[in-house]
Amino acid sequence: MPELPDVEGFRQVLSEHTGEPIRAVRVRDPGVLRGVGAGRLAAALRGHRFERPRRHGKWLIAPAGGPVLMLHFGMTGSLSWHSRQEPWHRHDRVVWQFDDGELRYRDMRKLQGIRLADDEAQAGRVLGGLGPDAREVSYACFGRLLSGRRGRLKPALIDQAFLAGLGNLLADEICWHAGVNPLRAAGDLDEAERAALYRAMRRVLRVSIKARCVPARDTWLTGARDERGGPCPRCGALLSRRRVAGRTTVWCPGCQPLLRPS
DNA sequence: AGTATTGTTGATAG
DNA sequence: GCTATCAACAATAC
């Protein structure tokens, strides 16, 4: 699941429980801890309170009165609030318990995980290699980034060091909305195409954040991409699919013509 | 059995 | 130095 919109939803869940003292940290599967043990994680957070959490790309960053909790949700992670009576799910890996309930980090595959930075400076170092957040980047910056990129558009959009927050679904959805082929050379796009991409990115992100995920609407590519041999929701043409940057990439050959192959 | 999966990283090649 | 591809990680679903 988690791309930028999903993580933004997890940030909202956490933000509803700031200011409450953390009574206990239960590590049910230390396999999701990165660079910190269960003991140190619990000791550093117990008695502390989460402050206003923020997000950069797909990272959720939660300062807790000194130490900074950093969560990445990989491909299947989530963060949700539960009553203490509700039985744990088998994939609940770490649980933060409060007086009136608990936050649960759930993750089936354990492709990413949880870090603990000692302070903001250390947290900043973890995020140091990321590009600007896709929700925050200005059009001027976005345009400069694309102009200076040598490879194809699709790999650029999902490269977190280039732009942080977009994943496979979002990148395809944005290209489809913009009418730009994901195989185009990023640096060859003209001003109108860059503008269309930026506007599509803003719109797709706004709607997806409201839905808390990239919605599988029948008027969006995401609602059609899983059906192999399915039609483009806009023009009815047979959707194309190909592996690009290691990920299945779907586009409409009619709406997103490949004029200048790269 | 074989394929696929919304993420990231490291090795390798061009 | 930059970029592309692939395998690996782990746990499912079809």
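So you know, we letter chains A, B, ... as the sequences are listed, proteins then strands, and number each from 1.
- Distance from the side chain of A/Arg150 is smallest for C/dG1 among the nucleotides C/dC9, C/dA4, C/dG1.
- Rounded to whole Å, the distance from CE on A/Met108 to P on B/dT5 is 13 Å.
- The aromatic rings of A/Trp220 and A/His177 lie perpendicular to each other, with more than 60° between the two planes, well past the 30° mark.
- Consecutive pairing runs in DNA chain B reach the stem threshold at B:2-5 with C:11-14, B:7-14 with C:2-9, where a stem means at least three Watson-Crick or G-U wobble pairs with distances under 3.5 Å.
- A/Gln112 and A/Trp59 share no side-chain donor-acceptor pair at under 3.5 Å.
- Remark: A/Arg243 is not in phosphate contact with B/dT3, judged by side-chain N or O atoms under 4.0 Å from OP1 or OP2.
- One can place CG of A/Asp159 at 9 Å from P of C/dA4, the figure rounded to the nearest angstrom.
- Here the C1' atom of nucleotide C/dC2 and the CZ atom of A/Arg149 are 8 Å apart, to the nearest Å.
- Under 4.0 angstrom from either OP1 or OP2 of B/dT8 there lies at least one side-chain N or O belonging to A/Gln160.
- Among the protein residues, A/Arg90 comes within range of the sugar-phosphate backbone only, with heavy atoms under 4.0 Å from sugar or phosphate atoms but none that close to a base.
- Contacts of residues 165-178 of chain A with DNA chain B (heavy atom under 4.0 Å): A/Gly167, A/Asn168, A/Leu169.
- Under the 4.0 Å criterion applied to side-chain N and carboxylate O atoms, A/Asp99 and A/Arg23 are assigned as salt-bridge partners.
- Taking all atoms of both residues into account, the shortest heavy-atom contact from A/Leu116 to A/Gln122 is O-OE1, 4.0 Å.
- Of the charged side-chain nitrogens involved, at least one lies within less than 4.0 Å of a carboxylate oxygen, so that A/Asp133 and A/Arg55 count as a salt-bridged pair.
- Rounded to an integer number of Å, the gap from CD of A/Gln112 to C1' of C/dA8 is 13 Å.
- Here the side chain of A/Leu111 is nearest to one of B/dT5, C/dC9, C/dA11, namely C/dC9.
- Aromatic ring pairs are classed by plane angle as parallel below 30°, tilted from 30° to 60° and perpendicular above 60°; the pair A/Trp96 and A/Phe50 is perpendicular.
- Using a cutoff of 4.0 Å between basic side-chain nitrogens and carboxylate oxygens, A/Asp100 and A/Arg84 are not scored as salt-bridged.
- Relative to the ring axis of A/Phe142, A/Arg194 does not place its NZ or CZ within 45° and under 6.0 Å from the centre.
- The side chain of A/Thr248 has B/dA4 as its nearest neighbour among C/dC9, B/dA4, C/dA11.
- Taking atom CG of A/Leu146 as the reference point, atom P of C/dC2 lies 17 Å away to the nearest angstrom.
- One atom, CZ of A/Arg34, and another, P of B/dT8, lie 13 Å apart when rounded to the nearest Å.
- Minimum atom distance to the side chain of A/His91 is reached by C/dA11, of the listed B/dT8, C/dT5, C/dA11.
- Residue A/Lys110 has a polar side-chain atom (N or O) positioned under 4.0 Å from OP1 or OP2 of C/dA11.
- In this model, the phosphate group of B/dT8 is approached by a side-chain N or O of A/His72 to a distance below 4.0 Å at OP1 or OP2.
- In terms of hydrophobic clustering, with Ile, Leu, Val, Met, Phe, Trp and Tyr side chains grouped at heavy-atom distances under 4.5 Å, A/Leu170 and A/Leu189 are assigned to a common cluster.
- A/Ala164 and A/Leu4 make their closest contact through O-CD1, 4.2 Å (heavy atoms, listed as atom of the first residue, atom of the second, distance).
- Nucleotides B/dT8 and C/dG1, compared at atom P, are 24 Å apart to the nearest Å.
- Between C/dT3 and A/Arg152, no contact under 4.0 Å exists linking OP1 or OP2 to a side-chain N or O.
- Residue A/Arg247 is classed as a base contact, given a heavy-atom separation below 4.0 Å to a base.
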